[in-house]
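Below is one structure, written out as structure tokens; the observations come after it.
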Amino acid sequence: MQEQRGAVIYLTFSGDKFNNTRNWLDDVTLLQHLNAELSINSGQEFLWGQIGDAWYGIHGGSIIRFKAGEPLKLESFPQGVSAQEVFRLGDDIGAIFEEISRDSLVKGLLGRYPGLRLMRQDPEQCLFSFLCASNTNIPMIRRMLHSLCKRFGSPVEIDGHRFYTFPSAGALDRASEADLGASGLGYRVKAMKAAAREMARGRLDLESLKKASYDEARARLLEVYGVGPKIADCVLLFSLEKLEAFPIDVWIARALAGHYEWLYGKKMSDKLTARQYEDLSNEIRHYFGRHAGYAQQYLYYHMRQAAGKRW
DNA sequence: CGGCAGGAGCCCA
DNA sequence: TGGGCTCCTGCC
């Protein structure tokens, strides 16, 4: 079960406000505000934000709310999404941390960012989100996704605020390429349409991939136009219960180059070839074990913090 | 002010 | 293996 110390629970949140690129909260503000020990990893969850004393997230067809001082209480509109599900309260975090404490670096990061956690995302939303994430940055990804929600999602009124659910695959499939492009997707429109079409027509059933092995589920995702190894690993880790997945983006590549050169090889650059990605991925998953994805989150978060990134 | 690099990558020639 | 793709931000 999730660790608790009195009223304190350790969770992960993306670190910014809804529709507001200014006044980003830092970790300290979050700690005070939620009365919980939190760390931000805005690179896994793009659509969480704070208004007043509550945090709101877009989770597929629901808007979810988490209020300060009520760490275990998560409400969803419409109902159906639980704290247990979203915050991964079923993970044996102590055992997982023990497993991934393979070296002093990761062991140190576990103590340094004690609130950092994986969250469980809606699979379709997760895939669409990371299809928007290629060759861009987090504020831009958020802008695209919020725009898609507003154009193709359904409005939900909560606490006097209007939110929009994440669009269904059907809604995105029915949208014209021009309409999708108006959300700032650029060349990504083609991949979004391709994925939406496969899901809407029942040829790609992400839910069923939860029961498949990591290799099987990954192979299926890679068949989708626009999905490469990095996006596949993100979807597997964040939404399909494959905690051994270890997405390697430029930040993780830098972390591996700087701290695991014996794995990484001195000749590699930030940009990995397909072959290098597969080799590295296999080795690092073997190294950290079946919950390697947790180690990945700590390394990613740390690299971003060290670079002074706030989102 | 303009120009350029870079950002949770991937496809294609 | 290299080039291109959209578009915005930060920096010089």
Side-chain angles (χ1 to χ4, degrees), chain A residues 12-16 19-22 24 39-48 116 118-119 121 125-148 177-195 198 218-219 221-240 242 245-257 267-281 284 292-311:
Chain A
T12 296
F13 283 88
S14 72
D16 53 89
N19 303 319
N20 184 358
T21 54
R22 295 178 301 119
W24 302 73
S39 292
I40 305 163
N41 187 356
S42 52
Q44 71 165 275
E45 279 278 3
F46 300 112
L47 294 176
W48 275 80
L116 187 62
L118 282 170
M119 287 174 70
Q121 300 186 28
Q125 176 175 334
C126 189
L127 176 54
F128 286 126
S129 295
F130 282 96
L131 282 174
C132 290
S134 75
N135 197 21
T136 189
N137 51 50
I138 291 169
M140 290 288 293
I141 298 165
R142 288 173 46 78
R143 190 172 311 169
M144 293 178 216
L145 295 177
H146 276 302
S147 175
L148 285 174
E177 297 203 357
D179 284 341
L180 290 177
S183 288
L185 299 183
Y187 65 91
R188 302 173 190 83
V189 165
K190 200 174 164 189
M192 294 288 280
K193 284 293 282 184
E198 286 205 53
R218 191 170 192 266
L221 290 173
L222 289 174
E223 292 174 2
V224 180
Y225 177 84
V227 178
K230 160 62 173 59
I231 291 177
D233 281 332
C234 285
V235 175
L236 292 165
L237 176 61
F238 300 134
S239 73
L240 297 180
K242 304 296 179 279
F246 192 95
I248 304 172
D249 72 313
V250 290
W251 295 95
I252 287 294
R254 287 170 198 160
L256 298 179
K267 289 174 293 186
M268 298 187 198
S269 67
D270 285 0
K271 301 280 187 184
L272 301 174
T273 66
R275 181 54 187 267
Q276 287 173 330
Y277 188 105
E278 297 309 315
D279 288 347
L280 205 47
S281 175
I284 203 80
Y294 265 96
Q296 192 270 6
Q297 283 300 287
Y298 272 83
L299 289 168
Y300 176 82
Y301 184 71
H302 177 62
M303 293 302 288
R304 304 263 309 180
Q305 289 289 118
K309 297 285 184 184
R310 295 180 61 201
W311 55 82

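Below, chains carry the letters A, B, ... as their sequence lines are ordered, and counting in each starts from 1. Here the structure is a predicted model, which means the values were calculated and not measured. Heavy atoms only: backbone and side chains are in, while hydrogens, waters and symmetry mates are out.
Qualifying ring pair (Phe, Tyr, Trp, His ring centres under 6.0 Å) partners for A/Y298, counting only residues two or more places apart in sequence or in other chains: A/F97. Considering only residues two or more places apart in sequence or on other chains, A/S134 meets the side chain to side chain donor-acceptor pair (under 3.5 Å) condition with A/Y187.
Remark on DNA chain B: of its neighbouring residues A/W251 and A/L222, the 5'-side contact belongs to A/W251, judged by nearest-heavy-atom nucleotide.
A distance of about 15 Å separates the P atoms of C/dT6 and B/dA13, rounded to the whole Å. Taking atom P on both nucleotides, C/dC8 is separated from B/dC10 by 22 Å, rounded to a whole Å. Spacing of P atoms, C/dT9 relative to B/dC1, comes out at 15 Å, to the nearest Å. For the C1' atoms, the distance from C/dT1 to B/dG7 is 22 Å, rounded to whole Å. Rounded to the nearest Å, the gap between the C1' atom of C/dG2 and that of B/dA8 is 22 Å.
Rounded to an integer number of Å, the gap from A/N135 CG to B/dC11 P is 13 Å. For the pair A/L131 CG and B/dC10 C1', the computed distance is 10 Å after rounding to whole Å. Taking atom CE of A/M140 as the reference point, atom C1' of C/dC5 lies 13 Å away to the nearest angstrom. One can place OH of A/Y225 at 7 Å from P of B/dC11, the figure rounded to the nearest angstrom. Counting to the nearest Å, the P atom of B/dG7 and the CE atom of A/M303 are 11 Å from each other. Residue A/I138 contributes atom CD1, which lies 14 Å from atom C1' of C/dT9 at whole-angstrom precision. What separates CG of A/L180 from P of C/dC7 is a distance of 14 Å, to the nearest Å. Atom-to-atom, OH of A/Y277 to P of B/dC10 comes out at 7 Å; the value is rounded to the nearest Å.
Proximity of a side-chain donor or acceptor of A/S147 to a complementary backbone N or O of A/R143 within less than 3.5 Å is not detected. No side-chain donor-acceptor contact under 3.5 Å links A/Y225 to the backbone of A/K190. Remark: the backbone N or O of A/Q44 is paired with a side-chain donor or acceptor of A/Q121 at under 3.5 angstrom.
Picking from B/dG9, B/dC10, B/dG7 the nucleotide with the shortest atom distance to the side chain of A/P229 gives B/dC10. You'll find that the side chain of A/R143 is closest to C/dT9, out of B/dA8, C/dT9, B/dC10.
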Next item on the list: Could you summarise the pairing of DNA chain C as dot-bracket text, marking Watson-Crick and G-U pairs under 3.5 Å with ( ) or [ ] inside the strand and | across strands?
Entry: |||||.||||||

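Residues A/L222 and A/A232 approach most closely at CD2-CB, 4.0 Å, considering heavy atoms.
Looking at heavy-atom distances under 4.0 Å, A/V227 makes contact with sugar-phosphate atoms alone, never a base. Among the atoms of the strands shown, base atoms are found under 4.0 Å from some heavy atom of A/F238.
Taking the six-membered ring for Trp and the full ring otherwise, A/Y300 and A/F246 have centroids separated by 6.0 Å or more.
With hydrogens and angles left out, the side chain of A/N137 and the base of C/dT9 share no donor-acceptor pair within 3.5 Å. Between the base of B/dG9 and the side chain of A/Y187 there is a donor-acceptor pair shorter than 3.5 Å.
Distances shorter than 4.0 Å separate some side-chain N or O of A/R254 from OP1 or OP2 on B/dG7. In this model, the phosphate group of B/dA8 is not approached by any side-chain N or O of A/R188 to a distance below 4.0 Å at OP1 or OP2.
Looking only at side-chain heavy atoms (C-beta outward), A/M303 and A/I252 stay at 4.5 Å or farther from each other.
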